[in-house]
Visitor: 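The structure's right below; bear with me while I get my questions together.
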There are 2 protein chains.
Amino acid sequence: MTTLDDVAARAGVSTATVSRALTRPNMVAAATLERVQRAVQELGYHHNAAARALATGHTGLIGIAVPTLASSYYLPLISGAQARAEASGYEIVIVDSQGSEPREATLLARLTNRVDALLLAGSRLSDAAIRDIAETLPVATFNRAIPGVSATVIEVTQAFSELGRFLREQGHQRIAYIGGPPGSATDARRMHALRSAFIDDSGDHDPPATSPLNSTQRSVDILGPVAPSFSAGGDLAEQITESGDTAVVAYNSAVALGLMHRLGTLGVRVPEELVLATGDDLVGRALEISHFVTVSQPMAEAGAHLVDLALQQLSTSGSSRQSKFPDPDAASRESQPDCEDATSTDLHFTLHAVANVPSTGGGNELVTR
Amino acid sequence: MTTLDDVAARAGVSTATVSRALTRPNMVAAATLERVQRAVQELGYHHNAAARALATGHTGLIGIAVPTLASSYYLPLISGAQARAEASGYEIVIVDSQGSEPREATLLARLTNRVDALLLAGSRLSDAAIRDIAETLPVATFNRAIPGVSATVIEVTQAFSELGRFLREQGHQRIAYIGGPPGSATDARRMHALRSAFIDDSGDHDPPATSPLNSTQRSVDILGPVAPSFSAGGDLAEQITESGDTAVVAYNSAVALGLMHRLGTLGVRVPEELVLATGDDLVGRALEISHFVTVSQPMAEAGAHLVDLALQQLSTSGSSRQSKFPDPDAASRESQPDCEDATSTDLHFTLHAVANVPSTGGGNELVTR
DNA sequence: TTGTAGGCGTTATCAG
DNA sequence: CTGATAACGCCTACAA
């Protein structure tokens, strides 16, 4: 392994100069700098991360804990975090807690003095436990607000309102909502948001003339909750065709897919004869399906924000030795313009899920996307 | 941060003793050990990874490079690697090369003296480049055999033979194969394996009496290659119903799903009226669909094997300082019994994809899974 | 069985 | 602008 000493010898300078040339090029003479750089090239020198970490107190690693790697739900979150971290010269270390609280605690403890910051998604830890960790280390949580701990939250409820309004404006009278999974608290909130927006048009700016129908004529059939599976969706097909619903909102795209398949079997076309909307766009994205109205959660952006929050804390809480890693391309990164509700005091960010409804420019055609 | 010194002071011993108590408990007196352990508990001490790495030359990190984190294809590979690594006291750091060769080269260089080993999946690097890295560091590649470099390969072709044989034994006369993606070399191999096994029954042990049909009567319609999308599959539905095929093998489950949907629309039931098989089980697993005969690739196992291969090299090429990290639960792990074709000399492993065909015990019903 | 001391590769302080 | 030199926290011969 080539070390700083090797480079120093090759360039005829001291190790201190080489170190400076590498981390703060503007602190050394141009001529010296060039000699050092040439020596580095010729020897193929790369930093030894361990030694650097020991000297600086920074590891250049960010840990991210997720409850599972089996589902692809957290994948875009990880991916987004990875991209942002990499841009800042950091590497991402993954922890799969497998949904086990003690496991998570153990693994995080193992990581604590190995990484510079911790990103927690779907953590099983108690608020208190997380707060404890956050005292040791910069921590950013996903979809979980804990006073005093940075967080990025994706607000989905609002997208369901948009969905409800869209379906109302399309002239639907009777729609169905397929909820799930059983026991979900967010599910209830989404359903209410959908129903309110669908039934009640008082919030609209348009004169009521455009909508001659009384709100009492609209209704939402509540189905489920059902399991997030293809077959569970299909099992509801008959019920829906008999009910006279002209649009269905399913909380999950596996359910929507199963439903669409069975509907096809029954001779009902999606979206021509029945509009189908889903609370996520996971399967659709993977399959490139364009039959649904979808709600997309900005997971990748959230991942990037988590890293931003962590890095922010890292630079705020100036450690004893405050030298930071040089950011390879900080200049090419804009300040986060797509980040609403940012409050610098509590470091909480809220991202909004968006309903991918067709633009209502042309009229009321039901073509989606 | 609590250090070894703190623990030593608390326990009234030297740092050397604490270090030994932690890494080689049997080298220290029972009484001393206990005092040290208590001090560790009370102080909540954890190793400083950087210092340990600097002293030992081992980082406890394994890097894994994948061409993308956008698709979930490599997810189980990562997950499998993560689990095995964790069991051996290692952490996994992810590199997303985004399919770019220069990017991959840069990122790997950055990782080289930060990790103990590198796992390469879908690498864009040349054989020579990979071999170069392998000289510096233990390397294990996925689905890519390079002389002198450890590798884990998943053999899929054979599963397509099984598929062909299964369909023949089920009595099908005419089946279709939907190939893709365009330009794939493995696609051709799979198709041939499928066709050979379907057409030709000479390899079977059963007396020919059970199969009164002449092999010349069976045929395979080759369709595609098509893009891996839902709509691409659907577009083939009419063609298939008109052809008289009674079974279809699609290389990808998105295609199969789209096909099934359109078939439903046309009044054709899967699998009752037409058997549908897919070259992967990605979507099916996520959706919990049981309509297809699937081919499953043991990605998680492959990931675990990659780690095994890397660790194996790590212990073989005894470094200057040969102390290894203690393996937290090596005893609980069996030697790899599910690993066929293992040759200790070249460190290449071959795993086999398996066709999830229904057990042929009862008869020839076409119920799948 | 335990303590002493040197070194791992880098950064940072402090003189020059 | 550059060069010694002391940490950083841990491991491990070598002694005791």
Side-chain angles (χ1 to χ4, degrees), chain A residues 1-36 39-40 43-60 89 112-114 116 318-326, chain B residues 1-36 39-40 43-60 89 112-114 116 318-326:
Chain A
M1 167 188 260
T2 75
T3 71
L4 264 195
D5 281 299
D6 300 330
V7 179
R10 192 89 160 84
V13 296
S14 74
T15 63
T17 300
V18 177
S19 179
R20 275 188 292 255
L22 260 29
T23 57
R24 280 183 275 246
N26 51 352
M27 276 186 66
V28 316
T32 313
L33 179 57
E34 194 180 349
R35 272 194 302 151
V36 171
V40 166
L43 272 50
Y45 170 81
H46 285 284
H47 277 120
N48 177 310
R52 197 218 266 267
L54 186 54
T56 62
H58 294 306
T59 63
T112 295
N113 24 24
R114 180 188 254 315
D116 292 338
S319 53
S320 46
R321 310 205 181 181
Q322 76 273 47
S323 87
K324 298 298 166 217
F325 282 1
Chain B
M1 167 187 261
T2 74
T3 71
L4 264 195
D5 281 299
D6 300 330
V7 179
R10 191 88 161 83
V13 296
S14 75
T15 63
T17 300
V18 177
S19 179
R20 276 188 290 256
L22 260 29
T23 56
R24 281 185 269 260
N26 52 350
M27 275 187 66
V28 53
T32 315
L33 178 58
E34 192 180 350
R35 270 192 303 152
V36 170
V40 167
L43 272 50
Y45 170 82
H46 284 284
H47 276 120
N48 177 310
R52 195 218 267 267
L54 187 54
T56 62
H58 294 305
T59 64
T112 295
N113 22 26
R114 180 187 254 313
D116 292 338
S319 54
S320 47
R321 311 205 180 182
Q322 75 275 45
S323 86
K324 298 298 165 217
F325 281 1

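Order of the sequence lines fixes the chain letters, A, B, ..., with proteins taken first and strands second; residue numbering starts at 1 for each chain.
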Visitor: Which residues in residues 10-21 of chain B have a heavy atom closer than 4.0 Å to any atom of DNA chain C?
Guide: B/V13, B/S14, B/A16, B/T17, B/R20
Visitor: For B/R20, enumerate each residue passing the side chain to side chain donor-acceptor pair (under 3.5 Å) test, keeping only those at least two apart in sequence or located in another chain.
Guide: none
Visitor: How far apart are the closest heavy atoms of B/D6 and B/M1, and which atoms are they?
Guide: OD2-O, 3.8 Å
Visitor: To the nearest angstrom, how far is A/L22 atom CG from D/dT2 atom P?
Guide: 14 Å
Visitor: Would you mind telling me which of C/dT10, D/dG9, C/dT1 lies closest to the side-chain atoms of A/H47?
Guide: C/dT10
Visitor: On the nucleotide C/dT11, are OP1 or OP2 found under 4.0 Å from the side-chain N or O atoms that A/R52 carries?
Guide: yes
Visitor: Kindly write out the residues that satisfy side chain to side chain contact (heavy atoms under 4.5 Å, CB included) with A/A50, not counting sequence neighbours, or none if the list is empty.
Guide: A/N48, B/A53, B/L54
Visitor: Reckon B/L4 touches a base, only the sugar-phosphate, or nothing at all at heavy-atom distances under 4.0 Å?
Guide: sugar-phosphate
Visitor: Whole-Å distance between D/dA7 P and B/D5 CG?
Guide: 13 Å
Visitor: Nearest 0.5 Å, please: how far is CG in B/L22 from OG1 in B/T15?
Guide: 11.5 Å
Visitor: Would you sort out whether B/V18 and B/Y45 count as a side-chain contact (heavy atoms from CB on, under 4.5 Å), showing the intermediate values?
Guide: CA-CA 11 Å; B/V18 177; B/Y45 170 82; 5.7 Å; no
Visitor: By nearest heavy atom, map B/R35 and B/A51 onto DNA chain C; which one lands nearer the 5' end?
Guide: B/R35
Visitor: Can you spot which of A/H46, A/R52, A/H47 makes a side chain to side chain contact (heavy atoms under 4.5 Å, CB included) with B/N113?
Guide: A/H46
Visitor: Measure from CE on A/M1 to P on C/dG9 and round the result to the nearest Å.
Guide: 7 Å
Visitor: Rounded to whole Å, please give me the gap between CG in B/L43 and C1' in D/dG9.
Guide: 15 Å
Visitor: Starting from the first five and the last five pairs of the helix from C/dT1-D/dA16 to C/dG16-D/dC1, work out the angle between the resulting helix axes, to 10 degrees.
Guide: 40°
Visitor: Given atom CG of A/N26 and atom C1' of D/dC1, what is their separation to the nearest angstrom?
Guide: 12 Å
Visitor: How long is the line joining CG of A/L54 and C1' of C/dT10, in whole Å?
Guide: 8 Å
Visitor: Under the side chain to side chain contact (heavy atoms under 4.5 Å, CB included) rule, collect the residues that match up with B/T32, sequence neighbours excluded.
Guide: B/V13, B/T17, B/V28, B/A29, B/R35, B/V36
Visitor: Whole angstroms only, please: what is the NE2-P distance between A/H58 and D/dC8?
Guide: 15 Å
Visitor: Looking at A/T59 and A/R114, would you say the former's side chain and the latter's main chain have a donor-acceptor pair under 3.5 Å?
Guide: yes
Visitor: For the pair made of CE in B/M27 and P in D/dC11, what is the distance, rounded to whole Å?
Guide: 13 Å
Visitor: Can you figure out which of D/dG9, D/dT2, C/dA12 approaches the side chain of A/V28 most closely?
Guide: D/dT2
